[in-house]
Structures are given as structure tokens and as C-alpha cells.
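Heavy atoms only: backbone and side chains are in, while hydrogens, waters and symmetry mates are out. Predicted model only: the values in this text are computed from it and were never measured.
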Amino acid sequence: MSRFYLTTAIDYVNSRPHLGTAYEKVTADVIARYHRLRGVETHFLMGNDEHSQNVHRRALELGLDPIAYCDRMESEFRAVWRTLDVSFDDFIRTTEPRHRASVTRMLERIAERGDLYEGFYEGWYCVSCEAFKQEKDLVEGKCPVHHVEPKWLREKNHFFRLSNYRDALLSHFEAHPEFLQPEVRRNEIMRLLESGLEDISVSRSGQAWGIPMPQSPESVVYVWFDALINYASGVGYGTDETRFEAWWPADLHIVGKDITRFHSVFWPAMLMSAGVALPRQVFGHGWVHHRGERMSKTLGTTVDPLEAAERFGVDPLRLYFVKEIPYGQDGDFAYDRFEERYNVDLANNLGNLVSRVATMADKYRGGRLPATAGEPGRLPGAAEAVVGRYTEAMDRLALHEAAAAAFALVDAANEYITETEPWALARDPANADRLSQVLHETAEAVRIAAVLLSPVVPASADTVLARMGGPSATARRFDEATTWSTASERTVVLGPALWPRAEGGRLPGTHDRGEARAMTDSDSGKDAGESQPVPPAAAPAATPAPAADPRITFDAFMEIDLRVATVLAAEKVEKSRKLIKIEVDLGTERRTVVAGIAEAYAPEDLVGRTVVVVANLKPAKLMGIESNGMILAASLEGGIPALVRFDDPPPPPGTRVR
RNA sequence: GCCGGUGUAGCUCAGUUGGUUAGAGCACGCGGCUCAUAUCCGCGUUGUCCGGGGUUCAAGUCCCUGCACCGGCACCA
């Protein structure tokens with residue numbers, strides 16, 4: 001039997017999954033379910049990436065052992081995936097022994113090949129910046145920011161000879177155009193390869209959270225190197241060779257478009273070095289924006305997938321992801337659009353279709369539809385064409401086209417009912433056979449549409465299949481399940497509306513829980529301990545965990561020294577778009593502050609104004625100017641800033657603001 | 001300033017390797033039906049496919065160029 005091994009990126013556990021993460025897992029799940037439906041033995045791997053410094057820091061902040069913290073996050077992640085019906089076969093964590101063994105093994109192999117060498121990461125290091133500087137960035141041998149001479153620093157590190165693999169990678173890309181998709185991503189990486197590759201550092205010294213470098217336990221494996229290996233360790237590399245032989249190479253890595261480089265350059269080079277076959281395909285999906293804006297964790301503008309699923313249901317959300325966003329491109333999510341798609345595709349079309357077929361079968365035939373005998377109508381042909389389009393689209397990962405194809409069959413069934421007018425046939429007993437046939441054929445078309453949609457909306461498809469009758473629908477394989485079949489009697493079952501029409505932003509009978517709650521980084525970790533596992537649900541999902549208290553203490557606030565200040569002088573910073581250099585009178589002293597408000601204020605308009613300054617902020621260099629403080633302004637992402645101002649007359653400079 | 005992305009119907013967007021009168025959904029108008037979740041079906045309206053050059057028998061699609069918007073970074077302390 002053929003096999004299919006599919007992976008998604010593993011996730012950092014420093015915040016809960018947001019809508020974009022959910023998008024990746026759901027679309028991968030659709031692919032996995034499709035292959036299973038086709039009768040292919042499928043292995044679908046997901047997991048968490050835990051060896052990150054952020055994770056370590058976050059755990060310590062919460063007073064938790066890092067592993068304990070990761071345990072909590074794992075249950076959070078699993079709960080979300082369970083709710084969204086993501087059917088992974090295995091879930092790997094990079095802290096697991098099987099993974100550590102695998103990473104060690106691969107590094108040993110790479111070392112044996114001679115592709116690992118100890119070296120010194122060296123370069124100009126600016127102490128003020130706490131960062132290495134490129135030679136080309138220095139101005140007259142000095143740090144362009146701090147105007148100090150940087151030190152030449154050497155830090156011991158392990159390097160991977162990535163540069164050795166440029167040619168091999170290029171020819172692989174040329175020989176296998178399908179290796180990286182979609183095409184845009186492939187072109188980007190081709191250009192990158194053409195411009196050459198440099199060796200990369202694969203270890204970090206002076207850290208304890210990670211996998212120790214073999215033969216060099218004072219340093220740990222750099223996190224991304226560690227993370228990539230999960231795809232191999234997940235199927236037994238270095239721990240279970242039989243299993244590894246059975247599943248490797250992976251057929252498909254589904255990753256975000258930002259990390260295609262890791263997966264299509266670094267990862268294959270590592271595998272080549274270790275003497276392991278390359279994965280067959282890497283697919284870089286796009287972003288899901290929210291109302292046209294990129295979701296940002298730091299700005300708290302992410303959408304909670306559980307909240308979205310709760311509004312109209314898990315399957316409607318899954319359908320939205322698949323049908324409304326061309327796979328491989330960026331897409332947009334908005335609640336009003338979600339509602340529109342819910343009403344149009346599910347309530348009005350598929351749901352209403354199921355309802356009208358079931359009602360007529362019940363009313364005219366007591367639900368029992370005999371085997372058909374007459375000349376079939378146009379639906380069998382329509383179904384066959386749709387199935388062809390569907391598989392063709394699925395096989396090239398055009399998930400949105402596949403979903404659209406399935407809905408074309410729904411449309412055809414609705415049209416067929418209008419054309420044949422079963423209610424008219426029912427008026428004349430002479431048409432009895434004809435009526436039975438029309439209903440049977442329509443039910444069969446709906447059944448096939450449900451089979452096609454089952455990878456996308458698994459729970460709903462099961463319900464539709466049950467309602468449409470037919471022989472043991474779920475047990476059948478794809479080819480058989482999509483073959484037209486009205487040759488035996490079936491029983492169509494009546495039931496409540498699958499998707500009642502939504503209005504005013506929610507389903508009838510649900511309570512308003514308020515607008516979408518923005519997730520923030522602070523709530524993601526702190527509520528980890530309190531939240532309850534969410535039960536699986538086909539339709540309205542469980543309540544998201546309550547947000548943790550993001551408030552700071554009064555003492556923390558009082559640490560910020562806010563002062564009234566008067567602008568004495570202001571000038572635009574040369575060659576800068578946003579920065580203005582401002583001299584302020586703080587009452588007791590003069591300060592130079594650089595503020596990023598040039599897009600909203602002209603320097604000359606600032607002179608004489610009273611502003612609020614954060615007086616005890618550490619200095620920073622911006623465009624070579626040292627800024628001693630920060631001027632408070634309201635700022636919208638992408639919008640223009642607005643300075644905080646006082647009623648007239650303003651308080652004198654130096655007055656504390658609190 | 002650098003890099004990347006986008007620009008197609010009122011709105012949200014599709015348009016495969018360049019090929020007949022440029023599409024879908026929503027919205028809007030008219031008509032039909034009554035089995036159905038005020039649902040369904042049919043017909044219809046609106047397009048300088050951002051502008052300008054070019055390649056071609058043929059350009060929404062390829063090349064050059066300009067403009068607009070968006071994002072990231074550089075400079076948001």
C-alpha cells in the first residue's frame with residue numbers, strides 16, 4: 001500500500017496558537033484526511049518546538065521549571081487542535097528523548113562527513129549595541145550608531161559547511177521543480193542559491209536549555225537546527241530504523257512562507273550531509289491577515305481560533321480557511337465575511353439542499369427511495385466531472401479549487417431540483433417512478449459532495465452522509481465512495497437544520513460573549529495553568545480559557561518617571577523619515593530626546609509646546625544621536641502619532657505626571 | 001532609503017503554460033418556483049483588467065517604465 005508522510009512546522013510554545021497557526025494545521029489536516037480517504041496509509045506529524053531561549057525565559061518568569069511550562073503548553077496546544085478536529089497521528093516535542101537521540105545521531109553523521117567544524121564566530125562587536133557589526137556597516141572604523149570603536153571579538157562555535165551544498169541544492173531544484181512550491185517561493189530560493197551560501201553556526205555556548213553538542217557539552221545545538229530534525233526524529237531516525245525506513249522520506253512539509261528557506265535550503269543540506277534522502281516537497285503557505293492587517297502578537301491583534309470556531313462552528317471555520325484562501329497565497333479573515341460565507345455556502349446552499357431533499361423524501365416517500373430504473377438525469381455526469389476536477393486540484397494542493405469543485409456539485413443538485421420540480425411530479429401518481437428517481441439521484445449527488453467535503457468538514461460530512469442514506473458511507477474508499485450509485489434502495493433521514501442562518505454576527509440562540517478577544521503574550525502563558533481542556537466539538541466550540549490578569553502593580557507604575565517638559569528646539573534628523581531631534585526643558589535640566597513623530601509634526605510647530613517625557617529611560621542612540629528619554633504620543637499601527645497635551649495653561653516643566 | 005507584495009465589476013477576490021464576446025460570490029434590479037433554513041432557480045446592470053511604452057498574428061497574462069497603496073527592515077526608545 002502506498003504511504004504518505006506529512007508534517008507541519010512545529011510551534012514555539014511562548015504563546016498559544018493563534019488563527020494563523022490554526023490555518024497551517026487545518027490545511028495540513030485537510031491534506032492528510034484527503035490522502036487517507038484515497039486509501040493511502042498516512043502519517044501526519046505535528047509538534048512543539050521547546051528549546052528556545054524565549055521559552056526558557058518565559059518559564060523562569062512564571063517561576064516554573066521549563067519542562068513543566070512546556071508540559072502545560074502542550075496540553076493547551078493539543079486542546080486547540082482537538083477542538084479544530086486536527087487529526088495528527090503523532091505529536092513530537094523537541095525535549096523528548098527520542099528527539100534528542102535523533103539530533104545527536106544526525107550531528108554525528110554530519111561530523112563524520114567532515115561538514116562540522118569548530119570555529120570562532122568573530123567580528124567587530126560594539127559593546128554599546130551588544131551586537132556584532134558587519135565590516136561594511138562601520139563608518140571610519142567606528143560603530144555608526146555609537147561612534148565608538150568596536151572590539152574584535154571571538155566566540156567559539158560550531159559551523160556547518162552549508163557552502164558545500166550550494167551546487168547540489170541548485171541542481172536538485174532544477175531537477176525537481178515540485179520540490180519547493182508554490183512557484184513564487186521556489187523562485188526566491190533559487191535566487192538565493194544563485195547568490196551563494198555561507199556556512200552557518202549551529203551551536204550556542206553558555207546556554208543550558210537545549211541539546212548538548214556531541215563532544216562539546218559546554219554548548220547546545222542552535223534551536224533551528226534542533227527543530228528541523230523533528231521531521232526525522234518523529235519517524236524514528238536514530239532510534240527506530242525500521243520505522244524510519246518505512247516512512248522516510250517525508251512526502252510533504254507544510255510550513256509558513258517565512259521559513260521556507262530553512263526547509264528548502266538548510267534542511268536538505270543537512271540531510272545530504274548526513275546521507276539521508278530529501279523530502280519530496282516543501283510547501284510554503286501564506287499568511288492569514290485579520291481585516292486586511294497582519295496579525296501581530298506584540299500588538300495583541302491576533303485572533304483566537306477557538307473564538308472564531310465558537311462563532312459559527314469548527315467546520316465552517318475550516319471551510320473558510322480552505323475555500324476562501326487560495327492555498328499558497330495570503331488571505332484575509334474577518335468576522336463579517338466569515339458570516340457571509342457561512343450563510344451562503346452552508347446555510348443557503350448545502351444545508352438548505354440537505355433539508356429540501358430530506359423533507360421531500362420524507363413527505364412523498366416516507367424517506368425510502370427505491371433503486372432507480374429509468375434513464376438517469378444529468379447529475380451522474382456532473383458528479384463525475386466534479387470528482388475529476390476535485391482530485392486534480394487536491395493533488396496539486398489547490399485546496400480552494402477542490403472545495404469549489406465540491407460546491408459546484410451542490411449547485412448542480414439545487415438546479416436539478418428546480419428543473420425537475422419534484423413537488424409537481426408528486427401531484428400525479430403516474431409520475432411515481434420518476435419522482436422517486438429524481439429524489440434518489442439528488443440525494444446521491446449530495447452524498448458524493450459530502451464525501452468530497454469530508455476532509456474539509458469531517459464532522460458535518462458525516463452528518464450529511466448519514467442523512468442521505470446509502471450503504472455504509474463512511475467505510476468506503478474514495479473511488480468507490482465517489483462512484484455514482486442509485487442501484488439499491490436507500491433511506492433518507494430527516495433532521496434539524498445543520499447550519500441555521502446566522503444574523504448580526506452570530507448563530508441564532510447563542511449568547512453574545514462580546515467582541516473577539518485579542519490574545520496577548522501576557523495571557524498566553526499566565527493562564528496556562530488554569531485553563532481547562534476543551535472538549536471536541538463539531539459545532540460551537542467551548543469557551544476559551546479566561547484571560548490572565550495583565551495588570552501591573554502600582555509600584556511598577558511608579559518606577560516610570562513621567563515629567564512635564566517644554567520643547568526648546570526641534571530639528572528633523574538628517575536622512576530620516578520619522579525622527580525629530582528635540583531639546584527639552586525638564587525644569588532642572590536640558591535633555592536631548594529623539595522622537596519618531598516627523599510624519600505628524602513639523603519641527604517648527606513643536607517649539608514651545610509642552611509635552612510629557614519618560615525621564616528615567618536608558619539612553620539610546622538613534623541615527624547617531626543619543627536620546628535621553630521618550631516623548632509620549634498616541635500611536636496607531638501604521639497611523640500617525642498624536643502627542644499627549646495638556647489643557648491651558650500647561651503645568652511648568654519638571655512637574656511629575658502620574 | 002533598501003527589500004518584498006499588491007493594483008481586475010459598488011464590495012471581497014479568482015484568472016492555469018499569452019489564444020475566441022474577462023469570471024465567481026456578495027450587493028443591486030427584474031422574473032419564476034414553493035420541496036426547503038425569507039431558502040432555491042433564471043435573466044440582467046456596472047469593468048480605460050492602475051497609467052505609459054514594448055515584444056507578438058494575439059497581452060489581464062511576458063519585458064521596460066511610471067504612479068498608488070500595503071508590509072518588513074533601516075531610524076519607531
Side-chain angles (χ1 to χ4, degrees), chain A residues 137 144-145 182-184 188 191 257-258 286-287 289 291-294 296 323-326 329-334 336-337 339-364 392-393 396 398 400-401 404 407-408 410-426 435 438-439 442 494-503 507-508 573-581 593-600 613-614 616-633 635 637-638 640-641:
Chain A
D137 293 332
V145 181
E183 211 58 28
V184 226
E188 278 175 13
R191 282 199 295 274
K257 64 181 185 180
D258 55 327
W287 303 128
H289 297 272
R291 302 174 68 86
E293 309 238 329
R294 177 136 178 214
S296 155
K323 186 161 176 282
E324 293 312 300
I325 303 174
Q329 294 185 32
D330 287 354
D332 193 56
F333 178 87
D336 51 1
R337 186 155 165 80
E339 178 176 348
E340 178 200 300
R341 297 324 308 169
Y342 170 90
N343 277 336
V344 172
D345 288 333
L346 295 173
N348 294 354
N349 287 336
L350 181 54
N352 183 54
L353 174 63
V354 168
S355 176
R356 61 200 303 213
V357 170
T359 305
M360 285 191 283
D362 181 70
K363 186 186 284 185
Y364 304 137
E392 184 277 328
R396 61 182 165 85
H400 57 297
E401 290 183 39
F407 271 91
V410 172
D411 290 341
N414 267 324
E415 289 160 22
Y416 192 63
I417 292 176
T418 304
E419 290 164 16
T420 53
E421 300 187 320
W423 51 90
L425 295 173
L435 173 60
V438 162
L439 292 178
T442 311
L494 219 48
L498 271 79
W499 299 283
R501 267 187 73 86
E503 259 169 78
L507 301 176
V573 175
E574 196 78 13
K575 293 185 70 178
S576 161
R577 200 177 82 220
K578 291 182 177 175
L579 300 183
I580 296 182
K581 177 184 170 189
V593 177
V594 179
I597 56 172
E599 288 169 307
V613 172
V614 182
N616 60 342
L617 200 62
K618 283 183 180 170
K621 287 264 190 179
L622 296 170
M623 295 296 281
I625 302 162
E626 185 171 276
S627 177
N628 284 286
M630 172 173 173
I631 293 182
L632 293 191
S635 57
E637 181 68 1
I640 57 168

Could you list, one pair per line, each protein nitrogen or oxygen that sits under 3.5 Å from a nitrogen or oxygen of nucleotides 10-12 of chain B, together with the distance?
from  : atom 1 : to       : atom 2 : distance (Å)
B:U12 : O2'    : A:Arg337 : NE     : 3.2
B:U12 : O2'    : A:Arg337 : NH1    : 3.4

Name the pairs: protein N/O against N/O of nucleotides 4-8 of chain B, kept only if under 3.5 Å.
none

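Nucleotide B:C57 has B:G19 as its partner under the Watson-Crick or G-U criteria, with both atom distances under 3.5 Å. In this structure, B:A68 forms a base pair with B:U6, meeting either the Watson-Crick or the G-U wobble geometry with both donor-acceptor distances under 3.5 Å. Under the Watson-Crick and G-U wobble criteria, each requiring two contacts below 3.5 Å, nucleotide B:A36 is left unpaired. Pairing for B:G42 is with B:C30, a Watson-Crick or G-U wobble pair whose two hydrogen-bonding atom distances lie under 3.5 Å. Across the strands present, B:A74 finds no partner; the criterion is a Watson-Crick or G-U wobble pair with both atom distances under 3.5 angstrom.
Residues satisfying the side-chain contact (heavy atoms from CB on, under 4.5 Å) test with A:Lys581, not counting sequence neighbours, are A:Glu571, A:Val573, A:Glu583, A:Thr592, A:Ile625. Not counting sequence neighbours, the partners of A:Thr420 by the side-chain contact (heavy atoms from CB on, under 4.5 Å) test are A:Tyr416, A:Pro422, A:Arg434, A:Val438. For A:Asp362, the side chain to side chain donor-acceptor pair (under 3.5 Å) test picks out no residue, with sequence neighbours left out. A search for side-chain contact (heavy atoms from CB on, under 4.5 Å) contacts involving A:Leu498 returns A:Val354, A:Thr463, A:Val464, A:Arg467, not counting sequence neighbours. In terms of the side chain to side chain donor-acceptor pair (under 3.5 Å) criterion, residue partners of A:Arg337 (sequence neighbours excluded) are, by chain and number, A:Glu324. With sequence neighbours excluded, no residue satisfies side chain to side chain donor-acceptor pair (under 3.5 Å) with A:Glu339. A:Glu421 is linked by a salt bridge (charged side-chain N to carboxylate O under 4.0 Å, His left out) to nothing, counting only residues two or more places apart in sequence or in another chain. Residues that satisfy the side-chain contact (heavy atoms from CB on, under 4.5 Å) test with A:Ala497, not counting sequence neighbours, are absent from this structure.
The separation of B:U8 from B:A59, taken at their C1' atoms, amounts to 14 Å, rounded to a whole angstrom. On the P atoms, B:G19 is 32 Å away from B:C3, given to the nearest whole Å. Between B:U61 and B:A22, the two P atoms lie 15 Å apart (nearest whole Å). Rounded to whole Å, the P atom of B:A9 lies 31 Å from the corresponding atom of B:C2. Comparing B:U65 with B:C28, their C1' atoms are spaced 39 Å from each other, to the whole Å. Atom C1' of B:C64 sits at a distance of 25 Å from the matching atom of B:G71, rounded to the whole Å.
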Quiz item: Where along nucleotides 31-42 of chain B does protein come under 4.0 Å, by heavy atom, of base (B) or sugar-phosphate alone (S), with - for untouched nucleotides?
Solution: --SSBBB-SSSS
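Atom NE2 in A:His400 sits about 10 Å away from atom C1' in B:U16, given to the nearest Å. Regarding A:Asp258, its CG atom lies at a distance of 13 Å from the P atom of B:C73, rounded to whole Å. With rounding to whole Å, A:Glu392 atom CD is found 14 Å from B:U17 atom C1'.
Within the structure, the side-chain hydrogen bond (donor to acceptor under 3.5 Å, both in side chains) test picks out the following pairs touching residues 343-352 of chain A (sequence neighbours left out): A:Lys323-A:Asp345, A:Arg341-A:Asp345, A:Asn348-A:Arg501.
Atoms OG1 and CZ, on A:Thr359 and A:Arg356 in that order, are 10.0 Å from each other to the nearest 0.5 Å. Rounding to the nearest 0.5 Å gives a distance of 7.0 Å between OG1 of A:Thr442 and CE of A:Met360.
No side-chain heavy atom of A:Ile325 sits less than 4.5 Å from a side-chain heavy atom of A:Phe333.
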